Structure formats: C-alpha cells, structure tokens
Amino acid sequence: MPKEYRTIQEVAGPLMLVTGVENVTYDELGEIELANGERRRCKVLEINGSNALVQLFESSTGINLSNSRVRFLGRSMELGVSEDMLGRVFDGLGRPMDGGPEILPEARKDINGLPMNPAARAYPQEFIQTGVSAIDGLNTLVRGQKLPIFSASGLPHANLAAQIARQAKVRGTSEPFAVVFAAMGITFEEANFFVESFRESGAIERTVLFVNLANDPAVERIATPRMALTAAEFLAFEKNMHVLVILTDITNYADALREISAARKEVPGRRGYPGYMYTDLAQMYERAGRQKGRTGSITMIPILSMPEDDKTHPIPDLTGYITEGQIILSRDLYRKNVAPPIDVLPSLSRLKDKGIGEGKTRADHANVMNQLFAAYARGKEAKELMVVLGEAALTALDKKYAAFADAFESEYVSQGYTANRNIEETMEIGWKLLRMLPRTELKRIDEKYLDMYYEE
C-alpha cells in the first residue's frame with residue numbers, strides 16, 4: 001500500500017508542495033484524497049530533497065491543507081491499450097467519454113513511449129493517398145512521414161484534418177489502416193464536428209479519438225498527444241496496422257507547455273516558451289516512422305495555427321526543423337473560396353520523390369508535378385505584372401500562364417471537403433490544365449509522356 005502524506009504545505013494555482021516525502025521520483029503519478037473522500041490525480045513536477053512539487057490534473061478548489069492526504073503511486077502515467085479502442089472517443093487522459101464501457105486493456109503502456117532506435121528505422125517510401133489533389137499530386141504523403149499542416153486562426157484546418165482522416169488509405173494493399181486523432185484545447189463545438197464527421201462517413205470504425213477541450217486543465221493537454229501516440233504505437237507495432245496520427249492543434253499544446261513552465265517559475269525562452277520546447281516537440285514527433293522487420297507504421301500529420309500568420313514564430317519554426325516538410329494554408333486562397341486553401345508553392349514534402357513513380361503512383365507523376373509547379377509560379381508572376389502594368393502590357397503567352405494559374409487554383413487545388421480524388425483523377429486534372437499551354441512550353445516533361453497524354 002503506498003504511504004500516505006498529510007504534509008501539504010502550500011497550494012498555488014495548479015501546483016502543490018508536499019514535504020517530508022521519501023522515494024518519490026520525477027513524473028510519478030499521485031492521488032490526493034480530500035476530507036469528503038473525493039480523489040484527484042496529480043503528477044510530480046519537481047523533487048528537491050524531501051520536498052515534492054506536484055501538479056494537479058483537476059482544479060485545486062476545496063483542498064484543505066490540514067486534512068487532505070496524498071499518496072504517490074510509484075509509476076508514471078499509463079494508458080491501457082487494446083484493439084477495442086477503435087471506434088471509441090476518449091478524453092485527454094484516456095477515459096471513455098462516448099458513454100461506452102471502460103476498455104479491458106491487453107497491456108498498460110507508459111505514455112512517454114520508448115524512443116525508436118535510429119538504426120532500427122526503415123526509410124519511408126510507400127505512397128498514402130489522401131484524396132486531396134494538392135497533397136497527393138504535388139506534396140505527396142509517404143508512409144512513416146511527419147508532414148505538418150501550417151494553418152492560421154480562422155482557416156478551415158479542421159475541415160481538412162477531418163477530410164484526410166476520412167479518406168486516407170494505403171493503395172494496393174489489404175493491410176489494416178487506422179487513424180488516431182488527438183485534439184488539444186479545442187472547443188466543444190469543434191470536438192462535436194470531428195466526432196459527427198467520422199460517424200456520418202463510417203470512418204469512426206477505424207478511428208481512435210482523444211479529445212481535450214479548451215476548459216480542461218493544461219496538464220491534461222500535455223498528456224493528450226502522448227496518449228494518442230501510445231495507442232498508435234500499440235496498433236502499429238504490435239497489431240501490424242498502418243496508423244495515421246493527426247494532432248490538432250499543436251499551438252494549444254505549446255501554450256499549455258508555456259503555462260506550466262511559467263507556473264514552475266522557469267526562465268522563459270523565445271516569446272515566453274520554455275527553452276526545452278524543441279526537445280519536447282521532437283520527443284513527440286519522432287515517435288512516428290517505420291521499423292525494420294515490422295509491417296506496421298506510424299505516419300503523422302501535426303496541425304498548428306501560426307500565431308499572427310507568422311512562419312518564423314517558435315512553434316512553426318521548431319516544427320519545421322523536426323518534420324519532413326509542411327503543407328501551408330493561405331488566407332488569400334481562402335478569400336477566393338478555394339477549398340482546401342493549400343498554397344502549393346511554399347508547401348513542401350521532403351519525401352515526395354520516394355513515394356511516387358511507376359508501381360507507386362504513375363510513371364509520369366514526377367514530370368507532371370514539376371511542370372505544374374513551374375507553370376503555376378510563372379502564372380502568378382504574370383498576374384502580379386497584370387496588376388502593376390495592366391493586361392495590355394502582357395504577351396499572349398503571359399496571358400495563357402495567368403489563365404492557367406486561375407484554372408489551377410479553381411480546378412486542381414479547390415475540390416471541396418467531400419471530394420475524394422484517386423491519384424489517376426488528380427493526374428488527369430493536371431494534364432487537362434497543362435493542355436492550356438503550348439506543347440513547346442512543357443520543358444519539364446519527357447517527350448514520351450507528352451506523346452502519351454498531351455493531345456492538342
């Protein structure tokens with residue numbers, strides 16, 4: 001039986017100081033029993049000699065220093081995992097919130113996970129079809145990759161996240177595919193949108209949802225993505241499933257990290273975020289990947305809203321260093337009613353070359369992708385010139401490029417949040433747009449593909 005302490009000295013906000021403790025370790029779970037028998041959970045943030053600083057998961061209201069008792073449980077936070085988690089909705093601490101029964105766990109796993117040995121990693125190379133042309137065609141997602149979406153407040157990243165979660169699949173295999181969806185610091189309305197969206201499409205059958213609401217404690221927000229990744233590791237590496245993990249919104253997670261750091265009176269780093277935020281994010285993101293000798297994999301799409309639309313803000317900046325590329329949403333495209341408003345030029349998937357080509361997507365994919373990028377970039381330049389000099393100053397060819405840029409945004413990038421395009425459809429739309437330009441302009445495409453697909 002764990003030893004009980006009645007030595008709570010001080011409660012300040014979510015923090016509590018317990019003195020005279022023995023053999024208590026950092027990150028250990030604790031339980032506080034109030035005089036009326038109510039129990040609340042906490043975890044150890046700091047140990048200094050026989051003093052333990054603990055953080056409460058619930059509010060500190062009603063804790064009486066003299067007659068409340070604290071027990072330390074001798075373990076860090078764990079999640080009971082089982083295949084029965086699929087189709088269920090949990091709160092940020094892994095407790096069912098869909099009215100269903102408790103999970104009977106096959107195993108209990110430490111939510112901090114075990115770091116993957118770099119030598120045991122297999123290189124990401126299989127194509128994942130999301131059904132979204134701007135991702136599949138131009139910034140391809142590969143199994144085992146970490147590809148964040150950089151959004152901004154007011155942009156429809158929730159719709160895009162739900163669309164990818166519903167539609168994503170590994171082509172050409174019957175291997176089981178699951179989605180683990182973790183939402184941090186979102187409103188009840190947003191949480192309801194995700195749950196209903198998955199229920200309507202039937203995608204909830206292969207999805208595990210972890211939902212931490214905006215009014216839940218900050219410390220729970222820090223546990224939520226780790227809970228999700230623990231469930232994903234179990235499904236991927238013990239049940240051999242391909243798992244897509246979607247984490248939204250990383251900005252809320254980082255703000256919770258800053259809040260706890262400030263409560264602990266740590267020296268702040270850039271913009272008040274703790275200096276260890278890079279390490280913290282890396283520990284989380286690096287749990288994605290593939291392992292040699294195992295068929296399962298974890299592919300991760302973290303979503304973050306950039307404060308003030310600023311790519312150099314610490315959260316997108318550090319995320320960009322750790323992950324393999326980024327998908328950037330644009331406010332300008334959103335104003336033009338392009339849905340999803342993916343800005344393809346600054347977006348990048350560093351592993352896209354590994355997931356495309358013959359046997360994976362189509363032999364002409366790389367050529368078409370490069371040509372679409374080049375033509376769209378030139379079309380945008382032509383449109384900028386048109387604004388400055390007027391349409392009359394443009395050559396006939398520049399006008400064709402400007403028309404191409406408009407058509408590219410409205411037909412290729414914009415597809416709504418319900419259209420699920422397979423890669424063949426995406427390629428055909430690409431060719432249809434390229435036929436707006438003279439064949440002599442398509443310098444990035446091999447002649448043999450032009451002969452096959454370019455009919456004037």
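Nothing here was measured: the structure is a model prediction, and the numbers come from that model. Counting begins at 1 with the first residue of the sequence. The basis for the numbers below is simple: all heavy atoms, side chains too, and nothing from hydrogens, waters or symmetry mates.
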## Note on the structure
Those residues at least two apart in sequence (or on a different chain) that pass ring-ring contact (aromatic ring centres under 6.0 Å, His included) with F90 are F210
### Summary
Between V54 and F72 the two heavy atoms that sit nearest each other are CG1-CE2, 3.8 Å
### Query
Would you say the side-chain atoms of N139 and S347 include a donor-acceptor pair closer than 3.5 Å?
no
### Message
Could you go through F198 and F181, starting from their C-alpha distance and side-chain angles, then the distance that decides it, and tell me whether this counts as ring-ring contact (aromatic ring centres under 6.0 Å, His included)?
### Response
CA-CA 11 Å; F198 293 156; F181 195 99; 5.4 Å; yes
### Query
Under 6.0 Å from the CG atom of N117, do we count more than 12 heavy atoms belonging to anything else shown?
yes
### Message
Does this structure show an ion pair linking D136 with K352, if we count only N-O contacts that are shorter than 4.0 Å?
### Response
no
### F188, CZ atom: more than 12 neighbouring heavy atoms under 6.0 Å
no
### Message
Which heavy atom of A158 sits nearest to which heavy atom of E190, and what is that distance?
### Response
CB-OE2, 4.4 Å
### Query
Does the side chain of T230 come under 3.5 Å of the side chain of E233 through a donor N or O and an acceptor N or O?
no
### Message
Aromatic contact between H365 and F127, with the criterion being ring centroids under 6.0 Å apart: yes or no?
### Response
no
### S151 side chain near M306 side chain, heavy-atom distance below 4.5 Å
no
### Task
List the steps and the verdict of side-chain hydrogen bond (donor to acceptor under 3.5 Å, both in side chains) for E266 and S261.
CA-CA 6 Å; E266 291 173 343; S261 172; 2.7 Å; yes
### Message
Within the 4.5 Å heavy-atom criterion, are L372 and L138 side-chain neighbours or not?
### Response
yes
### Message
To the nearest 0.5 Å, what is the distance between CG on L79 and CE on M227?
### Response
5.5 Å
### Message
Can you tell me how far apart CD (E424) and CG (N422) are? Round to the nearest 0.5 Å.
### Response
4.5 Å
### Query
Would E428 and R421 pass as an ion pair if we require N to O under 4.0 Å?
no
### Query
With a 4.5 Å limit on heavy-atom distance, are the side chains of R264 and I260 in contact?
yes
### Query
Does E78 pair with K109 as a salt bridge, N-O distance under 4.0 Å?
no
### Task
Please test M184 against I250 for side-chain contact (heavy atoms from CB on, under 4.5 Å), starting from the C-alpha separation and ending with a verdict.
CA-CA 7 Å; M184 295 158 276; I250 295 294; 4.2 Å; yes
#### Entry: Contacts of K3 that satisfy side chain to side chain contact (heavy atoms under 4.5 Å, CB included) - sequence neighbours left out
Y5, E22
#### Entry: Reference residue S297; test side-chain hydrogen bond (donor to acceptor under 3.5 Å, both in side chains); the match among E126, Q145, R143
R143
### Message
Let me confirm one number: the OG-CD1 distance from S330 to I342, rounded to the nearest 0.5 Å.
### Response
10.5 Å
### Query
Is a salt bridge present between R71 and E28, judged by a nitrogen-to-oxygen distance below 4.0 Å?
no
### Message
Any non-hydrogen side-chain atom of R206 less than 4.5 Å from a side-chain atom of F177?
### Response
yes
### Query
Any side-chain donor paired with an acceptor under 3.5 Å for Y285 and T319?
yes
### Query
Any ion pair linking R331 and D343 (charged N to carboxylate O, less than 4.0 Å)?
no
#### Entry: Shortest non-hydrogen separation from L213 to D216 and the atoms involved
N-OD2, 2.8 Å
### Query
In terms of side-chain heavy atoms, does D317 have a donor or acceptor partner in T312 at a distance below 3.5 Å?
no
### Task
Check A134 against V413 and note the closest heavy-atom contact, atom names and distance.
CB-CG1, 4.4 Å
#### Entry: Y253 six-ring centre to R221 NZ/CZ under 6.0 Å and within 45° of normal
no
### Query
Do the side-chain N and O atoms of D27 and N112 include a donor-acceptor pair separated by under 3.5 angstrom?
yes
### Message
side-chain contact (heavy atoms from CB on, under 4.5 Å) for L86 and D84? Distances and angles first, verdict last.
### Response
CA-CA 5 Å; L86 290 165; D84 297 337; over 6 Å; no
### Task
With rounding to the nearest 0.5 Å, note down the distance linking CE in M300 to CZ in R287.
8.0 Å
### Message
Under a 3.5 Å cutoff, is there a donor and acceptor pairing between the side chains of N64 and S66?
### Response
yes
### Task
Sequence neighbours left out, what passes salt bridge (Lys or Arg N to Asp or Glu O under 4.0 Å) with K146? Give chain and number order.
E286, E324
#### Entry: Test side chain to side chain contact (heavy atoms under 4.5 Å, CB included) applied to L141 and V132, I327, I301, L351, the passing residue
I301
#### Entry: R294 side chain to R290 backbone, donor-acceptor under 3.5 Å
no
#### Entry: side-chain hydrogen bond (donor to acceptor under 3.5 Å, both in side chains) between T426 and Y412, intermediate numbers included
CA-CA 8 Å; T426 292; Y412 192 94; 5.5 Å; no
### Query
In Å and rounded to the nearest 0.5 Å, what is the CD1 to CZ distance from I246 to F194?
8.5 Å
### Query
Where do R39 and I32 land on the side-chain contact (heavy atoms from CB on, under 4.5 Å) test, with the steps shown first?
CA-CA 6 Å; R39 292 181 178 189; I32 302 151; over 6 Å; no
### Summary
Here the pair of heavy atoms bringing G62 nearest to L34 is O-CD2, 3.7 Å
### Query
How far does OG of S201 sit from CD of E196, to the nearest 0.5 angstrom?
11.0 Å
### Message
Please find the pair of heavy atoms, one from I356 and one from M369, that lie closest to each other, and give the distance.
### Response
CD1-CE, 3.8 Å
### Query
Does the side chain of I149 reach to within under 4.5 Å of the side chain of T248, using non-hydrogen atoms?
no
### Query
Where the side chain of Q415 meets the backbone of G131, is there a donor-acceptor pair that is under 3.5 Å apart?
yes
### Query
Are E31 and K43 within salt-bridge range, i.e. N to O under 4.0 Å?
no
#### Entry: Heavy-atom neighbours of E308 CD exceed 12 at 6.0 Å
no
### Task
May I ask you to test the N51-L53 pair for a side-chain heavy-atom distance under 4.5 Å?
no
### Message
Taking atom OH as the centre, does Y321 end up with more than 12 heavy-atom neighbours from other residues, nucleotides or ligands that are less than 6.0 angstrom away?
### Response
no
### Query
Are the side chain of N252 and the backbone of G185 linked by a donor-acceptor contact shorter than 3.5 Å?
yes
### Task
Please report the C-alpha distance between T299 and I128 in whole Å, then the side-chain angles of each, then the deciding distance to 0.1 Å, and finally whether the side-chain contact (heavy atoms from CB on, under 4.5 Å) criterion is met.
CA-CA 9 Å; T299 307; I128 288 184; 3.5 Å; yes
### Query
Does H313 reach the side chain of P316, with side-chain heavy atoms less than 4.5 Å apart?
yes
### Query
Are any non-hydrogen side-chain atoms of R88 and V208 less than 4.5 angstrom apart?
no
### Task
Check for a donor-acceptor pair, side chain of D309 on one end and backbone N or O of A152 on the other, with a separation under 3.5 Å.
no
### Query
Heavy-atom count around K360 NZ within 6.0 Å, excluding the residue itself: above 12?
yes
### Query
Quick one: do E38 and R40 make a salt bridge, cutoff under 4.0 Å?
yes
